[in-house]
Asks: 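Please see the structure below; I have some questions.
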2 protein chains.
Amino acid sequence: MTPSRQSWREIRERIHEQILSGRYAPGDKLPRDADLAEEMDCARSTVQRAMQDLSDAGIIERRRKGGTRVRPDPVTRAVLDIPITRHEVEAKGGQYGYQLIDQQTGPAPRQIQARLEQVSPREMLRVEALHLSDGHPYMYEDRWVSLDTSPEIRDVDLTRQSANEWLVLHKPYTRFELRFYAETADARLADLLGTEAGAALFVIERTTWIEDAPITTVKAVTAPGYQLITRT
Amino acid sequence: MTPSRQSWREIRERIHEQILSGRYAPGDKLPRDADLAEEMDCARSTVQRAMQDLSDAGIIERRRKGGTRVRPDPVTRAVLDIPITRHEVEAKGGQYGYQLIDQQTGPAPRQIQARLEQVSPREMLRVEALHLSDGHPYMYEDRWVSLDTSPEIRDVDLTRQSANEWLVLHKPYTRFELRFYAETADARLADLLGTEAGAALFVIERTTWIEDAPITTVKAVTAPGYQLITRT
DNA sequence: TGACAAAATATGTAGCTACATAATAATGAT
DNA sequence: ATCATTATTATGTAGCTACATATTTTGTCA
């Protein structure tokens, strides 16, 4: 007998459709993999792969011995890619530009220490810079870099290459945190981003660690009109 | 000989560490799966699983025949779960509340049609509502629902259950788009959210489809202070 | 030289077996 | 009855083989 050679994606879709159709409602238990495999005429390993993917997508929940059930509290699960800012600008078709505003070393303020989950105050590098697209302000970044984990950055010419790019390429991280929120532009920020004080600005805050050691934290304030978009 | 029975996660970590250590830099080519399998004394299928996961995480790129290489343009890849608003409030320890502001049917304006990628104007349901946490405004939502794909919503009492919750539980989607941005509060929005006109507000826009048929689009304006957070 | 066809090759997938692991359910002793 | 122990069971993982698929590379011919 010739095996039907169906892709696990096909099996996933068939299971997903049964969920969409209401045959299995949120909270309902699905048959065990082995039974579904027989029903759909494929190997258990194929069902396993399909189920894993549905689980990763937040559609079902699986527990050993407990079986598989449709998630009772569905979530919209999105995958968000934050690229290097230069790549982001170029991907949108803009001519990338970059300006170093200021850089200095010193102890980090308490607020920054807290963000980095750092107990004792350490000497850090602070970098303020502006990313441009076609000559217009695109994003202002206010960054703190740990000189403990990235001492090499002392020797990098940050007037030529952004700390963003250097860090992403040379300092891989094992853990990070992202925060998104809105902020009102003060006079200085408005001036830097070419807008009026009081404008609503979209902010992306990102902090990275390698294991438990903080690498950097950055507050990226985007110019008016910026939107972060993600699709399935 | 007894196989070492190592988890594919362990293999993934070993490969990841070699990337972190700089043995393989961004853009560099990795050995083929079979060779890595021999080097790490495991089956090719185990390496395959580890590599797939690293690929999903945006760390490496794989191409048939072309082989595997470290992504030359590293990205920060985050997984974002947007729960039902009631669950979100309750998870934060708040007492959830909900108020329907207004609901009416009619043709959608051009702007909404465009968001839904809808060609011809259709009759839709518009729902304005307020989500509360401990009695305080938490989120204002301005929603349009397709009566073509969700005619049942005509019979739902939206003063008791939010359209958000009803839709998520009863109208699964196959595709969606998310947009995040900042907006300035006008007088009405400020009044609804208990703030001053001119305040910077964080907005989440979400549109869902089942195949190509639009289900709903919602503009969720969060109260001041709201942050969207995601960690690894 | 250039275009096109054929061969080679690395990853992707299906199916199988055997065993591991985590829960739950059943059992037995006190 | 209660608690601890043991069996049961559904998913998770490792390893193997065979084959599929997408590219790149090579080879051939005009």
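Scope of the values below: all heavy atoms of this structure, side chains included, with no hydrogens, waters or symmetry mates. The chains referred to below are lettered A, B, ... by the order of the sequence lines, with proteins before strands, and numbering in each begins at 1.
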Asks: Closest to the B:R44 side chain: C:dG12, C:dG15, D:dT11?
Replies: C:dG12
Asks: Would you please confirm or rule out a distance under 4.0 Å between OP1 or OP2 of C:dG12 and any side-chain N or O of A:R9?
Replies: no
Asks: Could you verify whether a donor N or O on one side chain and an acceptor N or O on the other, from A:Y173 and B:T76, lie under 3.5 Å apart?
Replies: yes
Asks: Tell me the interatomic distance from A:D56, atom CG, to D:dG12, atom P, rounded to whole angstroms.
Replies: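 Computing the A:D56:CG to D:dG12:P distance gives 10 Å.
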Asks: Does A:T207 reach the main-chain N or O of A:E177 with its side chain, forming a donor-acceptor pair under 3.5 Å?
Replies: no
Asks: Cut-off 3.5 Å, side chains only: do A:R110 and A:Q118 have a donor facing an acceptor?
Replies: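 Side-chain D/A pair, A:R110 to A:Q118: absent.
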Asks: Between protein and nucleotides 21-27 of chain D, map the contacts as a letter string: B base, S sugar-phosphate only, - none, heavy atoms under 4.0 Å, written 5' to 3'.
Replies: BBBB---
Asks: Figure out the CD/C1' separation between B:E38 and D:dC16, and round it to whole Å.
Replies: 16 Å
Asks: Does a salt bridge link A:K219 with A:E205, judged by any charged N lying under 4.0 Å from a carboxylate O?
Replies: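 Looking at A:E205 together with A:K219, the answer is no, because their closest N to O distance does not fall below 4.0 Å.
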Asks: Establish, with yes or no, whether the OP1 or OP2 oxygen of D:dT11 is under 4.0 angstrom from a side-chain nitrogen or oxygen of A:Q48.
Replies: no
Asks: Please report, rounded to the nearest Å, how far the C1' atom of D:dA10 is from the CD1 atom of A:I60.
Replies: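 That distance rounds to 13 Å.
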Asks: Which nucleotide sits closest to the side chain of B:T46: D:dT13, C:dA10, D:dG15?
Replies: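 Out of D:dT13, C:dA10, D:dG15, the nucleotide with an atom closest to B:T46's side chain is D:dG15.
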Asks: Ignoring hydrogens and angles, answer whether the base of D:dG12 and the side-chain atoms of B:R49 contain a donor-acceptor pair closer than 3.5 Å.
Replies: no
Asks: Check whether any side-chain N or O of B:T68 sits under 4.0 Å from OP1 or OP2 of C:dT11, and answer yes or no.
Replies: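 Answer yes for this pair, as a side-chain N or O of B:T68 is under 4.0 Å from OP1 or OP2.
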Asks: Under 4.0 angstrom, heavy atoms only, what part of the nucleic acid is B:Q52 near: base, sugar-phosphate, or nothing?
Replies: sugar-phosphate
Asks: Output the rounded distance in Å from CZ (B:R69) to P (C:dT11).
Replies: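 Checked: the CZ to P distance equals 11 Å.
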Asks: Could you tell me how far apart A:D53 (CG) and C:dT13 (C1') are, to the nearest whole angstrom?
Replies: 14 Å
Asks: Could you check how far CZ of A:R62 sits from C1' of D:dA10, rounded to whole Å?
Replies: 8 Å
Asks: Whole Å only: how far is the CG atom of B:D35 from the P atom of C:dT9?
Replies: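 Answer to the nearest Å: 13 Å.
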Asks: Strictly by modelled atom types, are A:H131 and A:E141 linked by a side-chain donor-acceptor pair under 3.5 Å?
Replies: yes
Asks: Could you check how far CZ of A:R32 sits from P of C:dA23, rounded to whole Å?
Replies: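 Nearest whole value for this atom pair: 19 Å.
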Asks: Please assess B:Y226 against B:Y138 for the test ring-ring contact (aromatic ring centres under 6.0 Å, His included), listing each intermediate value before the final yes or no.
Replies: CA-CA 8 Å; B:Y226 184 95; B:Y138 182 80; 5.8 Å; yes
Asks: So how far is it from B:D56 CG to A:D53 CG, rounded to the nearest 0.5 Å?
Replies: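 Spacing of CG (B:D56) from CG (A:D53) equals 8.5 Å.
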Asks: In terms of the nearest nucleotide of DNA chain C, which residue is placed more toward the 5' end: A:W8 or B:A34?
Replies: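 Between the two, 5'-proximity favours B:A34.
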